[in-house]
Structures are given as C-alpha cells and as structure tokens.
There are 2 protein chains.
Amino acid sequence: MLHLLGIDAGGTSTRAALLTSDGTCLGVGRGGRGNPVSDGEAAAAQAIGAAITGALAQAPHVPPSDIAAVTIAMAGGSAAGMADEWLRPTLVALGIAASPQVEPDLLAMFASGTHEPDGYGLVAGTGSTAVRVRAGEVDLTADGLGWLLGDNGSGFWIGHQVARAAALELDGRGPATTLTPAVLAMLEIDADDQPDVNGRTAALARLVALVYRESPVRLAALAPLAFADPDDAVAAGIIEAAVTALAGLVLDVALPGLPGPLVVGGGVATQARVHESVVAAVRAGGMTGPVHRVDDGLVGAGVLALRRAGVTVDESTFHRLVETTTAARNR
Amino acid sequence: MLHLLGIDAGGTSTRAALLTSDGTCLGVGRGGRGNPVSDGEAAAAQAIGAAITGALAQAPHVPPSDIAAVTIAMAGGSAAGMADEWLRPTLVALGIAASPQVEPDLLAMFASGTHEPDGYGLVAGTGSTAVRVRAGEVDLTADGLGWLLGDNGSGFWIGHQVARAAALELDGRGPATTLTPAVLAMLEIDADDQPDVNGRTAALARLVALVYRESPVRLAALAPLAFADPDDAVAAGIIEAAVTALAGLVLDVALPGLPGPLVVGGGVATQARVHESVVAAVRAGGMTGPVHRVDDGLVGAGVLALRRAGVTVDESTFHRLVETTTAARNR
C-alpha cells in the first residue's frame, strides 16, 4: 500500500503524520521549531527529522523506503524550491527516498478544517492572516505583514495594547484598569509609585526599561492578560477592537458568491470569546457558510499529501483522516 | 566677571554657549551626539568637549579657568549624578575646574522660550513629551515613553502610520494614497505588482523585507512624506490624528489656574501645519497663554546656568540672552 508523510512545520513546533492512501493515519510524531527562514535550515531539518522519526515509531511495520511522498506545510514560500536541498539529507538518513514538496502553511490550516476546495482561512496567533482558497490553492492572502506593518488583532497587537494601556495609566493619563497590576505582576515590577526626578513613578520607569530591553514581539506574551478579567472595560475594549480587525480581515478576502466554509486557527482566534464574536461579526457581514475551528495544520498537511499523490479527499476520507490523526496524537 | 557654560546635549547634536552673568552670550560651539545613555559616556564627553571648545574659540579673551559653572541639559535623569565622573576629565583637560551640573532637557527646551517660572512644554521630534513646569522645575512629565509604549503623534508615530498606510494599499485593503508611491520611491522599491506564490505583490514583499531589516525607530524617516502632498486624504488623516494626540498631551498636563505660556519644540511640533493646528486645539481646550516656538534647548540651558549661579533671569536678561545667543550662532 502507498504510504505518505504530511508535515506541519511551524515556528513553535513541528508535527508529522504517517498516512496510507485511504486517509488512515498510522502515527504522529513531534519536533521543535521547524521553519527554515526563522529558525535556520539545520534546526528546521532536525525538527522535521525528529517529527518523522516519532511518526514512524508508532508504525514499526512500515519500512521508510515505502514512503512515496513527503508534503511539508510551512510559512515562507520562497524557501519552497530549496527544500529538496536542505531537507533531503535528513530524509535519506531516515531511509526515505521521496523528494519533499512544500505547501503554504495557511493552506494546510484551511484543509485541516474542511475537504472543500473553496473557502476562507483565518489564523491569528502572534500574527494574523486571512486567505481565500479556490480550487484547493491559496487565491489571495490578506495581512500577515508582521507586527510593525500589520497583524491587527493578533497576539502581538493585543499584548501591545495591554502594555500601552498599563503605561498610560501609570503615566497618569489613562483610565484605571486591572491590566496595570497584571502587567506589573507578570514582569515582576514592584508597584512603587514614588515619583522620580521627572515626576514619573518608579514602576513606570521600570516598565519602560524592561520593555525596550526585550524584542518587541515579546509583547505578545502579555496578550493573555486581556482575557483575565472579563469585567475590565479597558481589556474588553482591546478584545473588541481585535475582533473587529480579525472579522474585517476575513470580510476583506470574501467574495459574494463564496459563502464559506471558514476555517479558524491560532491561539488568539480560537479563544472562545474571540471566536464567538468573530463568527457573529462575519455572519453579520454576510458570510453564511459553516465555520470550523482547528488546532494546527497537521490534518491539512495530510490532505495536501493525499491530493498531491492523486487521491481525491472526499468527505469520508477526510473524516477518517481527522479521526485517525486524533487517535494517533493521543497515543 | 563671572563666566558660565550652558550646554544642550542632545541625541542628534550638542550645543554649548559661553555666557557672562548679565546674560550675554560670548560664543556658541557645536558637537556631535551628546547623550551618555544612548551614545555612551566617552562619545558624549567628546561631543560636549567639542562644543565647549567651539564656544571658547569665539571668545579667546576668556580664560577657561574663569568659568565658574557648567550646566548641561540632557535626557535621562539617572545619569545626572554621574556626570561629575564621566565628564570631569574632559573639563579638566580644557582647563575648566567647575563641576558639571545636569538639568532635564525638557526644562531647558521650556526655558528657551520663556523666562517665566511656570508653564508648559511640548516637544515632538522622533518621540513626544509634554511637561508642566512650576517654580522653574519640571512638575509633571507626560508620555516620552518611546515608540513602543507611547509617543503618539511623534515622528516615529507618523512614519509608522505612513508605512502601514502604504502596506495596506499594497495588500489590497486600504484606500489609494500618494503615500504608497512616495514610500516605495524613498525605499528604492520597484512598484512591481506581479503577484507572488501567496497572491502578494512583489513590491509589498520587498517593503516587508526592508522594514523588518532595519531598526523600527528608522520608520521616523518616513514622517516627512505625510507632509508632501497636502491633497492626499490618507496623509491628512495621519497628520490630523497626530495633532489631536499632541494637543491632548499638552491638555493632559494643564492646570485650570495656569494658562501658559506653552513652549513648543522638536521637528514635528514646529512644522507650520502641525504647530498651527496644535495651537488652535489647545486654545479650544482652554489654554489662553502665549505660545513660543523654539529650535532647541540652548538658550534654556543658558537660563538654567544663570539661575543655578544665583542670577535672576528677568525679561531684559532673557531677551539679551536670546539676541546674543542668536548672534553667536550666526557667527
């Protein structure tokens, strides 16, 4: 029987699924950060190798030489052509002769939620991106421009607003918010209100010093604070603005004749509060198709692997893939 | 006669004025970046030394040993106590025995525009800060929290909005604006609209790559583009939002019984379009005192030097200082 590998190589972690051509997942393995652009080719190859090794370990009866195709979903399209170069030695060392094929990570995320060839994807984690998918390919991408040029409503964006709200209150110019003590506690800053030579509190001076010492993207770590106190008006305002931005992003790629489905992924967009509000907002914007929430792009990497091998992924194949992948993950 | 040095040590350049105790400026000299926190103590000491040398060269009859006091206006209050340590060797090498005294740069900016002991200062260049001054000291500081935590309406803020407006249009989601070709031209990006693998134009991909390669603060260099086309609605909206932020910052430090004066400095706030609108907005907010525009904090460093030496700076002394400093600058 034909065997395939579908791999979801992300900036946080990497997952690999070993599949048969009827959509049965035989094993799932995990590795570290797997993006060659942000993490380096050597680290990415190692992470992907570790994930493949883990997947193969769950199906010891499958010889690696039987694997006919390796499909890797990852961000950074320009590295696509080169995967054969930086990843092939790792595959050969594992006994796999097939050439790796790279697919967009957002397409895999979309295909993790539906076997339909057309629809929309929204991913909001540290960054935020929406895609329109047609005929099984990415037709249009919106945002995903990073924290400095875009990514409204993303984890960075929310964390940034949280930090600014705390700084504004400490500077005596913003409304009182429970975000302020929460930020100070997370950064281990004493809530010292002794003014310094400029009439600024010691806590604010310390916040400024700490924030500029770290990489700006680290502000995304403050995003969960926005969800901590549902009664805080400032936090609620930040979440509401994030929801508006994310729903707007989906509607920006929407076409009148294509009602969905919409697949939603990423740590921010799948938060219950955000998810429900985004769904309500895109419904109000005229999007009537089903909405699916996904954890990552692993199932979709499997869908793409099957399709690239010439297998038509119909509803029953898709459900088999989802169920067996979930079972293998939990083994 | 008593001789004094007033020095305005900034993150871009440094200026020194040699004064007599009646407020006559005998010479002005210039040096490079003079902030010990951002530029390092050695570089700051060298810049300040060069500025002093230039000022002394305009008044060869004054022996350096006659200089009774050295007052340095600069940002970063915490380095104040240490100036005696890192700057003294430079002063001694120039034949100056007096100890350096550090004053807040914003106080010197304020005192460059008025001899009054009470009022407000607004500085908006790369960053933005407002101060309330009472009894000749900084009573309250607002913002100046840097590009990540504050500085709304600053040069960075405007440049950031310009970059985002261009990215939004190139991403197919924002209104057409003449900012887009202007940004591409400044960054020497071809306006290539060929879509890449994600349906994104080559110009946008290049913009993203370039912006993240540089330090974020470099976006301040795009701020002048917002002023280039007065008919562009997007640019006008950015300037309007900046004006609202800057006027709001002044009103945040305003007290009902203290109508001014307001002293305005910095490359953004002194732009005619910004200045006039900010003045109109603070007038509408109830601030009735006079408004003065200043180029830098050199005159104010002189005012502070005179005051620290026990000289009362009245209106005639102040005007003498302004006129003779201007004359010495132009020599």
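First the proteins, then the strands, lettered A, B, ... as listed; each starts at 1.
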* To do: Please lay out, stage by stage, how B:L145 and A:L204 fare under the test side chain to side chain contact (heavy atoms under 4.5 Å, CB included).
  => CA-CA 9 Å; B:L145 300 175; A:L204 179 55; 3.8 Å; yes
* Atom pair CG/CG of A:D252 and B:L168 - distance to nearest 0.5 Å -> 8.0 Å
* Whether A:D171 side chain and B:A142 backbone form a donor-acceptor pair below 3.5 Å -> no
* Is there side-chain contact between A:R173 and B:V253, with heavy atoms separated by less than 4.5 Å? -> no
* To do: Could you check which of A:P216, A:A205, A:G172, A:G248 has the highest count of heavy-atom pairs closer than 4.5 Å to chain B?
  => A:P216
* Asked: Side chains of B:R164 and A:N152: closer than 4.5 Å at any heavy-atom pair?
  -> yes
* Asked: Taking all non-hydrogen atoms of both residues, which atom of B:Y212 and which atom of A:G146 are closest, and how far apart?
  -> OH-C, 2.8 Å
* To do: With a 4.5 angstrom heavy-atom cut-off, could you sort out which part of A:L107 is near chain B: side chain, backbone, both or neither?
  => neither
* Structure fact -> Rounded to the nearest 0.5 Å, the CG atom of B:L149 sits from the CG atom of A:L170 at a distance of 10.0 Å
* Asked: In terms of heavy-atom pairs under 4.5 Å, which option from A:V208, A:L219, A:V131, A:L148 contacts chain B the most?
  -> A:L148
